[in-house]
Novice: 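Take this structure, written in structure tokens, and hold onto it; I'll ask about it next.
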Amino acid sequence: MNRPVLLVVAHGSRDPRHAATVQALVRRAGALRPGLRVETAFLEFNLPSVPGVLERLAADGVREVVALPLLLTRAFHAKADIPAVLRQAPPSLSIRQAEVLGPSPLLIAAVERRLYEAGLTPADKSATGVVLASAGSTDPEAIAVIAETARELRRTGWCSVRPAFASASLPRTEEAVRALRSEPGVRRVAVAPYVIAPGRLPDRIAAGAAEADVLADVLGPSPELARLLLDRYDGAHAVRRPVARTA
């Protein structure tokens, strides 16, 4: 039986690094599942667009699609923008929307991978405070998920972990760095960008990390993220609940 196509839906950015990173991640996920057709589409700024890819899939005779939001939290894009564009798909397509990526232990593992690649070691954890710096949101559910992710990261052994936001919410990265400096037992401060790809807001996070000792890279095409894409695909495939169409 043919498997549904995996359509990874990213937000998009004017920064060319964003699309390049997304494509690298999607290629890595596809390499983990030979024979699975994996496509990428963007909500704005980049091509191919979501409607364009859906039209092409329908023209190719595809019947089932799992649309995966390349998002770490369930904020506005996952709740409104993506369902709206999927409802306009060609009627021959049966589409299921997968869950967003977070929260997940694989994301915690990806954050730690980036921290270790930036020069830290597991032996540094007990004396290192970490700023978990996300893009930011006005959605209370998204903010709560970031806060819980910071707590889960702290439970892995870091001296302290504070969430921070590049926009829409407080504190900013630089404020969290300064707050960690004053905490007992913190001898170094690391900033871990909790974002998937480079762009304007990740650059703002990097600027806010000027007073930190360590700045990790964005999550990017990490092995953990590639595995997580397939986990979310499998979960949506198992549920078999298609996106409701407009009347």
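We're numbering straight along the sequence, starting at 1.
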Novice: So does Glu224 pair up with Arg227, basic N to acidic O under 4.0 Å?
Specialist: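 A salt bridge is absent here (no side-chain N lies under 4.0 Å from a carboxylate O).
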Novice: Can we say Glu117 and Arg114 salt-bridge, meaning some charged N sits less than 4.0 Å from an Asp/Glu carboxylate O?
Specialist: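 Here Glu117 pairs with Arg114 in a salt bridge, since their nearest N and O are under 4.0 Å apart.
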Novice: Give a yes or no on whether a salt bridge exists between Asp139 and Lys79, defined as a side-chain N under 4.0 angstrom from a carboxylate O.
Specialist: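 The answer is yes: the pair qualifies as a salt bridge.
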Novice: On a heavy-atom basis, which atom in Gly119 and which in Asp124 lie closest, and how many Å separate them?
Specialist: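 Residues Gly119 and Asp124, closest heavy atoms: O-OD2, 4.3 Å.
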Novice: State yes or no: do Val66 and Phe42 share one hydrophobic cluster built from I, L, V, M, F, W and Y residues joined by side-chain heavy-atom distances below 4.5 Å, directly or via other members?
Specialist: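 As far as the 4.5 Å side-chain criterion goes, Phe42 and Val66 are connected within one cluster.
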Novice: Do Arg204 and Ser167 have side-chain heavy atoms sitting under 4.5 Å apart?
Specialist: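 Yes, close enough: below the 4.5 Å cut-off.
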Novice: Begin from the C-alpha positions of Val38 and Tyr233 and carry the test side chain to side chain contact (heavy atoms under 4.5 Å, CB included) through to its verdict.
Specialist: CA-CA 10 Å; Val38 185; Tyr233 168 84; over 6 Å; no
Novice: Between Tyr194 and Leu219, which heavy-atom pair has the shortest distance, and what is it?
Specialist: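 The answer is CD1-CD1, 4.3 Å.
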Novice: Looking only at heavy atoms, which two atoms of Ala150 and Leu132 are closest? And how far apart?
Specialist: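 Reported closest heavy-atom pair: N-CD2, 3.8 Å.
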Novice: With a 3.5 Å distance limit and no angle check, can you tell me whether Asp15 reaches the backbone of Arg200 through a side-chain donor-acceptor pair?
Specialist: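 Looks like no, no N/O pair under 3.5 Å.
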Novice: Does the pair Glu141/Arg74 count as a salt bridge with the N-to-O cut at 4.0 Å?
Specialist: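 Here Glu141 pairs with Arg74 in a salt bridge, since their nearest N and O are under 4.0 Å apart.
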Novice: Is it the case that one hydrophobic cluster holds both Leu72 and Phe165, taking links as side-chain heavy atoms less than 4.5 Å apart, direct or via other members?
Specialist: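 Looking at the clustering, Phe165 is in the same group as Leu72.
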Novice: Would you mind reporting whether Leu25 and Thr40 have side-chain heavy atoms less than 4.5 Å apart?
Specialist: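 No, too far: nothing below the 4.5 Å cut-off.
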Novice: Taking transitive links into account, so neighbours of neighbours count too, which hydrophobic residues share a cluster with Leu180 at under 4.5 Å side-chain distance?
Specialist: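 Direct or chained contacts put Leu180 with Val131, Val177, Val186, Val189, Val191, Val195, Ile205, Leu215, Val218.
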Novice: Under a 4.0 Å N-O cut-off, is there an ion pair linking Asp234 with Arg3?
Specialist: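 Result for this pair is no, no salt bridge flagged.
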Novice: Taking Ser137's backbone N and O only, do any of them form a donor-acceptor pair with Ser169's side chain (distance below 3.5 Å, no angle check)?
Specialist: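 Pair found, side chain donor or acceptor close to backbone of Ser137.
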Novice: Enter the distance from Gln23:CD to His18:NE2 here, rounded to the nearest 0.5 Å.
Specialist: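 Atom-to-atom, Gln23:CD and His18:NE2 are 9.5 Å apart.
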Novice: So if you build clusters from Ile, Leu, Val, Met, Phe, Trp, Tyr with side-chain heavy-atom gaps below 4.5 Å, do Leu43 and Val100 land together?
Specialist: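 Same cluster: Leu43 reaches Val100 through Ile, Leu, Val, Met, Phe, Trp or Tyr contacts under 4.5 Å.
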Novice: Are Leu101 and Leu229 side-chain neighbours, meaning at least one heavy-atom pair lies under 4.5 Å?
Specialist: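 Yes - at least one pair of side-chain heavy atoms lies under 4.5 Å apart.
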Novice: Give me the atom names and distance for the closest heavy-atom approach of Leu153 to Trp158.
Specialist: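 Between these two residues, the closest heavy atoms are O-CD1, 3.3 Å.
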Novice: Quick one: CZ on Arg154 to SG on Cys159, what's the gap to the nearest 0.5 Å?
Specialist: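 That separation rounds to 6.5 Å.
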Novice: Check the pair Leu228 / Leu107 against side chain to side chain contact (heavy atoms under 4.5 Å, CB included), numbers first and verdict last.
Specialist: CA-CA 8 Å; Leu228 184 53; Leu107 288 171; 3.7 Å; yes
Novice: If I take atom CG from residue Leu86 and atom CG from residue Leu54, how far apart are they, to the nearest 0.5 angstrom?
Specialist: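 Result: 6.5 Å between the selected atoms.
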Novice: Please report the interatomic distance CD1(Ile196) to CG(Leu71), rounded to the nearest 0.5 Å.
Specialist: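 Reported value, rounded in 0.5 Å steps: 6.5 Å.
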Novice: Between Val9 and Val53, does the side chain to side chain contact (heavy atoms under 4.5 Å, CB included) criterion hold? Intermediate values first, please.
Specialist: CA-CA 10 Å; Val9 181; Val53 173; over 6 Å; no
Novice: Flag the pair Arg96 / Glu64 as yes when at least one side-chain heavy-atom distance between them is below 4.5 Å, and no otherwise.
Specialist: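 A side-chain contact exists here, since the closest heavy-atom pair is under 4.5 Å.
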Novice: Apply side-chain hydrogen bond (donor to acceptor under 3.5 Å, both in side chains) to residues Thr156 and Glu112 and explain how you reach the verdict.
Specialist: CA-CA 9 Å; Thr156 67; Glu112 291 202 298; 3.2 Å; yes
Novice: Can you measure from CZ (Arg14) to CG (Asn46) and round to the nearest 0.5 angstrom?
Specialist: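 So the gap between those two atoms works out to 10.0 Å.
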Novice: Does Val130 reach the side chain of Ser160, with side-chain heavy atoms less than 4.5 Å apart?
Specialist: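 Answer no - side chains too far apart.
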Novice: Is it the case that one hydrophobic cluster holds both Ile95 and Leu6, taking links as side-chain heavy atoms less than 4.5 Å apart, direct or via other members?
Specialist: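 Result: no, two separate clusters.
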Novice: Side-chain donor-acceptor pair under 3.5 Å between Ser222 and Arg113, yes or no?
Specialist: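 No, no side-chain donor-acceptor pair sits under 3.5 Å.
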Novice: For the residue pair Thr21 and Pro221, establish whether any side-chain heavy-atom pair is separated by less than 4.5 Å.
Specialist: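 Counting from C-beta outward, Thr21 and Pro221 do come under 4.5 Å.
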Novice: Taking only residues at least two apart or on different chains, which pairs with a member in residues 54-63 satisfy side-chain hydrogen bond (donor to acceptor under 3.5 Å, both in side chains)?
Specialist: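 side-chain hydrogen bond (donor to acceptor under 3.5 Å, both in side chains) check on residues 54-63 returns Arg37-Asp60, Glu39-Arg56.
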Novice: Return the minimal non-hydrogen interatomic distance between Ala118 and Ala216, and the atom names on each side.
Specialist: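 That closest heavy-atom pairing would be CB-CA, 4.0 Å.
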Novice: Can you confirm whether Arg232 sits close enough to Pro69 that some side-chain heavy atom of one is under 4.5 Å from a side-chain heavy atom of the other?
Specialist: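 With C-beta onward as the side chain, the pair stays apart.
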Novice: What heavy-atom pair brings Pro103 and Val145 nearest, and what distance separates the two atoms?
Specialist: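 Between these two residues, the closest heavy atoms are CD-CG1, 4.2 Å.
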Novice: Hey, is the main chain of Ala78 close enough, under 3.5 Å, to the side chain of Gln97 for a donor-acceptor pair?
Specialist: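 Yes, the answer is positive, given that a donor and an acceptor are paired below the 3.5 Å cut-off.
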Novice: Could you tell me the separation between the CG atom of Leu120 and the CZ atom of Arg188, rounded to the nearest 0.5 Å?
Specialist: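 With rounding to 0.5 Å, CG (Leu120) is 6.5 Å from CZ (Arg188).
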Novice: Should Phe45 and His11 count as side-chain neighbours, where that means a heavy-atom distance under 4.5 Å?
Specialist: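 Sidechains of His11 and Phe45: in contact.
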Novice: Do Val22 and Leu106 belong together in a cluster built from hydrophobic side chains that touch within less than 4.5 Å?
Specialist: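 Linked, Val22 and Leu106 end up in one cluster.
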Novice: Considering only NZ, NE, NH1 and NH2 on the basic side and carboxylate oxygens on the acidic side, decide whether Glu175 and Arg181 come within less than 4.0 Å.
Specialist: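 Between Arg181 and Glu175 there is no salt bridge, as every charged N stays at least 4.0 Å from the carboxylate O atoms.
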Novice: Any chance you could lay out the side chain to side chain contact (heavy atoms under 4.5 Å, CB included) test for Arg151 and Ile146, step after step, and finish with the verdict?
Specialist: CA-CA 9 Å; Arg151 288 190 289 269; Ile146 297 298; over 6 Å; no
